[in-house]
Amino acid sequence: MSATTQLTPDQTNSLDVLAEIIRFHAPLVAFTGAGISTESGIPDYRGPQGLWTTGSARPFTYEDFMSNPDARREWWRNLPERLAQAEAQQPNQGHEALVRIERASVMLASITQNIDGMHQVAGSDAEQVIELHGKRRTIRRTHCGTVFPVRDFVDRVVVQDDPPPCPRCGGILKSGTIAFGQPMPQDEMRVAFAVAAQAGVMLVVGSTLMVNPAARVPAVAKAAGAYLAIINLGETAMDAEADLVVHAAAGPALTYLADRLIGQS
């Protein structure tokens, strides 16, 4: 099934307009949320079947992890299963379409709230992907910030009861993702706001724009004069401020948009 057959005429007309806007007002900056990854079988958070909506996921707090040895043991004990699930998931047509758009030389960067690493797996240039909430396939030292691949620790977790210490300093290790209550990474936020201020077009995909401070990134672009377009199945916190809103699934919409941009290059 082609992207066009999955979209309504109103949606394709809006995407035709967006392709023209991007063509003449680049650079484009993409801002992606959980909605771009649902077609890969990765649940979102606030959608109808989202982890928070259904109550199927207990929020993981930074304070719990740092202060409670049992919470750390539980997290490490479940690590092999979580990693196996993560490695089994694959990018979808939305991620692949963004790679095509990137290679059309109209994109400055992709800023993502996601922790799944799917943009890079799909082929996006890692130097052009800014991950605001970290990456689940990494382990980070909580104080010195040293980052290790998760795979380096899986075998050790299987054979020992207590969480492994940092191999460099002996301190506490946790997921490379940002937990509830954990400070946002200052470098990534600084770069994201700087990139947003340079955007000619800010394209939000699959985000409700309700999680701050990350959700302020599109607002920075809009305030700096960028054209703000939103592709999302449901309403977002910035629909009223956007120049264009397309309520559509990310995969078909981005695939159609990439086809239009590449066809016009």
Side-chain angles (χ1 to χ4, degrees), residues 1-50 53 90-114 118-119 122-124 199-210 215 217-219 221-222 225-265:
M1 182 182 296
S2 70
T4 303
T5 60
Q6 299 175 66
L7 299 167
T8 68
D10 285 345
Q11 290 169 336
T12 57
N13 288 339
S14 293
L15 292 168
D16 286 338
V17 169
L18 180 55
E20 286 297 307
I21 293 292
I22 293 171
R23 182 175 174 83
F24 290 103
H25 296 279
L28 167 71
V29 173
F31 181 90
T32 65
I36 195 174
S37 292
T38 54
E39 294 168 53
S40 294
I42 302 171
D44 64 7
Y45 297 94
R46 290 181 169 82
Q49 301 302 316
T53 306
Q90 296 297 318
N92 61 59
Q93 61 177 335
H95 301 111
E96 293 164 355
L98 278 183
V99 175
R100 294 170 60 209
I101 294 172
E102 176 186 310
R103 292 175 181 172
S105 300
V106 296
M107 184 179 290
L108 181 60
S110 293
I111 303 170
T112 186
Q113 297 173 288
N114 298 339
M118 289 296 165
H119 289 301
S124 287
V201 181
M202 169 62 71
L203 174 60
V204 175
V205 182
S207 175
T208 60
L209 299 177
M210 294 177 64
V217 172
K222 179 65 175 174
Y227 183 95
L228 176 59
I230 298 174
I231 297 174
N232 196 56
L233 278 173
E235 295 181 353
T236 82
M238 289 192 69
D239 281 4
E241 302 166 63
D243 297 289
L244 179 69
V245 178
V246 182
H247 290 303
L254 288 175
T255 298
Y256 182 91
L257 182 61
D259 289 345
R260 300 286 76 75
L261 285 169
I262 292 169
Q264 295 171 357
S265 299

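For the single chain, residues carry numbers from 1 onward in sequence order.
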To the nearest 0.5 Å, atom CD1 of Ile101 lies from atom CD of Glu96 at 12.5 Å
Show me the side-chain donor-acceptor pairs of residues 26-37 shorter than 3.5 Å, one per line, residues at least two apart or across chains.
residue: Thr32; atom: OG1; partner: Thr112; partner atom: OG1; Å: 2.8
residue: Thr32; atom: OG1; partner: His119; partner atom: NE2; Å: 2.9
residue: Ser37; atom: OG; partner: His95; partner atom: NE2; Å: 3.2
residue: Ser37; atom: OG; partner: Asp116; partner atom: OD2; Å: 2.7

For Met107 and Glu102 the tightest heavy-atom approach is CB-CA, 4.0 Å
- request: Compare all side-chain heavy atoms of Leu18 with those of Tyr227 and state whether any distance is below 4.5 angstrom.
  value: yes
Within-4.5 Å side-chain heavy-atom neighbours: Ile22 and Leu257: yes
Can a side-chain donor-acceptor contact be found between Gln113 and Ser207 if the only test is distance below 3.5 angstrom? yes
Interatomic distance, CD1@Ile21 vs CG@Leu15, rounded to 0.5 Å, equals 12.5 Å
Sorted by chain and number, sequence neighbours left out, side chain to side chain donor-acceptor pair (under 3.5 Å) with Ser14 holds for none
Checklist entry - For the side chain of Gln6 and the backbone of Pro252, is there at least one donor-acceptor N/O pair under 3.5 Å apart? => result no
Quick check: do Asp16 and Arg260 have side-chain heavy atoms less than 4.5 Å from each other?
yes
Spell out, as yes or no, whether a donor-acceptor pair under 3.5 Å connects the side chain of Gln11 to the backbone of His247. yes
query = Thr236 versus Val245: any side-chain heavy-atom pair under 4.5 Å?
reply = no
Between Ala253 and Ala248 the two heavy atoms that sit nearest each other are CB-CB, 4.3 Å
As a quick check of understanding, evaluate side-chain contact (heavy atoms from CB on, under 4.5 Å) for Met118 and Asn92, giving each step before the final call.
CA-CA 8 Å; Met118 289 296 165; Asn92 61 59; over 6 Å; no
For Ala215, the side chain to side chain contact (heavy atoms under 4.5 Å, CB included) test, sequence neighbours excluded, returns Leu209, Asn212
Margin query: Any heavy-atom pair between the side chains of Leu254 and Leu203 that's under 4.5 Å?
Written below: yes
Item checked: Verdict with reasoning, Met202 to Met238, per side-chain contact (heavy atoms from CB on, under 4.5 Å) -> CA-CA 12 Å; Met202 169 62 71; Met238 289 192 69; over 6 Å; no
